[in-house]
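Data block below; observations after.
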Amino acid sequence: MRETVQEPIPIEQARALVLERTRPLPAERVPLAEAAGRVLAEDARSAVDLPPFASSAMDGFALRAADAPGTLPIVARIAAGRPATAALREGQAMEISTGGVVPEGADAVIPVEYVVEHDNESVEIASDVEPGANVRPRGGDVSAGDLVARAGTLVGPAQLGALAAAGVAELACARRPRAAVLTTGTELRAPGEPLGPGEVYEANSLIVAAQLAAAGAVVERLAPVVDDEDAHREAIARGLESDILITTGGVSVGPHDLVRRIEAELGVEEVFWRIAVRPGKPVAFGLRRDTLVFGLPGNPVSSLVGFELFVRPAVHALQGLAEPGPNFLPGRLGREQRRNPGRDNLVRAHMQSGGDEVVLEPLSGQDSHMIVRAAAADALVLVPRGEGVLEAGAPVRYLRLA
């Protein structure tokens with residue numbers, strides 16, 4: 001078993017250790033209509049020229065630019081999907097709708113608002129028309145075989161539209177990771193059940209499952225387990241059948257913290273334990289063959305923060321996302337914050353408009369058990385470790401919370 005990093009390590013080092021050990025999952029063919037939220041495993045290229053023909057950018061009249069100004073007979077009317085049956089000849093015009101095929105012989109379109117139509121038979125054009133005016137050339141957006149989206153791209157609405165327009169019917173996408181979530185603790189009860197002495201409602205599995213689903217994983221929530229070795233061993237063994245196992249609770253050094261020891265007995269090679277961050281110091285990470293294993297703290301806010309820093313990037317990397325994150329954004333601190341000499345601090349905050357910048361206003365109640373207070377936050381502000389305070393107005397980096 002590789003020696004575990006025992007001293008708290010910086011966020012950046014922990015993230016690097018995770019991503020170094022994360023390999024993209026195999027690709028599978030996915031129909032385009034089911035590809036939203038998936039990550040491309042291969043470059044996607046256009047099946048056609050786009051547009052596939054010279055088309056009109058306006059409702060108007062197709063003509064030869066050399067025939068303007070003048071009055072021209074209207075010899076045909078072209079709708080989208082209904083091309084002209086004959087070429088346009090010198091001294092003629094054809095009415096055309098936006099998206100209609102510009103007829104052979106025409107080299108320009110003049111918008112309908114710039115002409116006067118007489119008795120549905122002729123059109124009067126008072127000004128010159130430039131060749132190519134209001135004509136979308138064939139292949140003006142992309143040519144057949146050209147790149148539409150690169151491998152590692154997350155497929156969103158814009159990508160779906162581009163791929164559909166380019167005639168791409170299916171994509172090669174990384175398989176979605178299968179993730180198991182396990183919460184531990186004798187004190188846990190399901191919401192709605194009566195609470196006995198010392199008991200609390202279990203929230204972490206719902207938090208982590210929602211975060212996993214948003215990151216693109218297929219999630220299985222395992223039943224919470226009591227602080228019993230056999231119960232831990234059975235549940236963890238089942239979770240290790242997934243691509244990624246996330247446990248919450250039981251990763252500290254108390255007599256009932258069984259997770260890391262049971263995982264080691266089941267063949268998990270621990271890479272690190274403890275991060276120089278607040279909240280979320282006792283985060284653990286290891287591997288059992290190809291399964292990534294994360295141990296998050298039991299306090300709900302610590303679990304949420306640990307996921308954003310380390311688990312979400314791993315889930316993205318399993319899918320081959322080019323930039324797995326975490327993606328910190330620039331902003332300014334709304335109120336001074338005391339720095340911690342030995343640990344970075346992720347402060348829950350609310351984003352406010354500050355002109356061209358985002359101002360981040362820290363919320364009251366920053367303790368790691370205060371999940372109700374944290375639910376009002378839409379950002380995690382990174383207050384770097386150091387001495388003294390970070391002044392109001394200081395530039396900071398932050399993570400957006402969905």
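What you see is a predicted model; the values in this text were computed from it and never measured. Every heavy atom of this structure was used, including side-chain atoms; hydrogens, water molecules and symmetry mates were not.
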Sequence neighbours left out, what passes side chain to side chain donor-acceptor pair (under 3.5 Å) with Asp43? Give chain and number order. none
Please test Val283 against Leu309 for side chain to side chain contact (heavy atoms under 4.5 Å, CB included), starting from the C-alpha separation and ending with a verdict. CA-CA 10 Å; Val283 169; Leu309 292 177; over 6 Å; no
Do NZ/NE/NH1/NH2 and the carboxylate oxygens of [X] and [Y] come within less than 4.0 Å?
| X | Y | result |
| --- | --- | --- |
| Glu28 | Arg38 | yes |
| Arg189 | Glu202 | no |
| Arg138 | Asp49 | yes |
| Asp243 | Arg175 | yes |
| Arg238 | Glu234 | no |
| Arg260 | Glu269 | no |

Please assess Val123 against Glu95 for the test side chain to side chain contact (heavy atoms under 4.5 Å, CB included), listing each intermediate value before the final yes or no. CA-CA 9 Å; Val123 60; Glu95 184 185 42; over 6 Å; no
Is there a side-chain contact between [X] and [Y] (heavy atoms, below 4.5 Å)?
| X | Y | value |
| --- | --- | --- |
| Val18 | Pro313 | no |
| Ile125 | Leu72 | yes |
| Ile275 | Phe310 | yes |
| Val39 | Val155 | no |
| Leu287 | Val271 | yes |
| Val381 | Leu399 | no |
| Phe294 | Leu245 | no |
| His232 | Val259 | yes |

Can you name the nearest heavy-atom pair linking [X] to [Y], along with the distance?
| X | Y | answer |
| --- | --- | --- |
| Leu318 | Ala174 | O-CB, 4.3 Å |
| Val208 | Ser303 | CG2-OG, 3.5 Å |
| Gly99 | Ser55 | O-CB, 4.0 Å |
| Ala35 | Leu160 | CB-CD2, 4.3 Å |
| Ala317 | Pro324 | N-CB, 4.0 Å |
| Ala84 | Pro103 | CB-CB, 4.2 Å |

Side-chain ([X]) to main-chain ([Y]) donor-acceptor, under 3.5 angstrom:
| X | Y | result |
| --- | --- | --- |
| Arg397 | Phe328 | no |
| Gln319 | Val315 | yes |
| Asn340 | Arg343 | yes |
| Arg332 | Gly393 | yes |
| Arg176 | Val218 | no |
| Arg178 | Glu241 | yes |
| Gln92 | Arg89 | yes |
| Ser56 | Val135 | no |
| Asp228 | Asp230 | yes |
| Arg339 | Pro384 | yes |

Would the number of heavy atoms belonging to other residues, nucleotides or ligands and lying under 6.0 Å from [atom1] of [X] be above 12?
| X | atom1 | result |
| --- | --- | --- |
| Glu323 | CD | no |
| Arg400 | CZ | no |
| Arg82 | CZ | no |
| Arg338 | CZ | no |
| Gln352 | CD | yes |

Carefully, step by step, assess Leu363 and His350 under the rule side chain to side chain contact (heavy atoms under 4.5 Å, CB included). CA-CA 7 Å; Leu363 303 179; His350 180 63; 4.1 Å; yes
Could you grab the distance from atom [atom1] of [X] to atom [atom2] of [Y], nearest 0.5 Å is fine?
| X | Y | atom1 | atom2 | answer |
| --- | --- | --- | --- | --- |
| Glu34 | Glu170 | CD | CD | 10.5 Å |
| Leu401 | Met351 | CG | CE | 8.0 Å |
| Asn204 | Thr184 | CG | OG1 | 9.0 Å |
| Asp227 | Thr186 | CG | OG1 | 3.5 Å |
| Leu25 | Cys173 | CG | SG | 12.5 Å |
| Leu333 | Tyr398 | CG | OH | 13.0 Å |

List the steps, then state whether salt bridge (Lys or Arg N to Asp or Glu O under 4.0 Å) holds for Arg385 with Asp344. CA-CA 4 Å; Arg385 56 192 176 275; Asp344 294 329; 2.7 Å; yes
Ignoring hydrogens and angles, state whether a donor on the side chain of Asp59 or Thr98 is under 3.5 Å from an acceptor on the partner side chain. yes
For the residue pair Gln366 / Arg348, report whether a side-chain donor-acceptor contact shorter than 3.5 Å exists. yes
Any chance you could lay out the side chain to side chain contact (heavy atoms under 4.5 Å, CB included) test for Ile74 and Asn120, step after step, and finish with the verdict? CA-CA 7 Å; Ile74 302 169; Asn120 293 323; 6.0 Å; no
Taking side chain to side chain donor-acceptor pair (under 3.5 Å) as the cut-off, I'd like each qualifying pair that reaches into residues 149-168, sequence neighbours left out, listed once. none
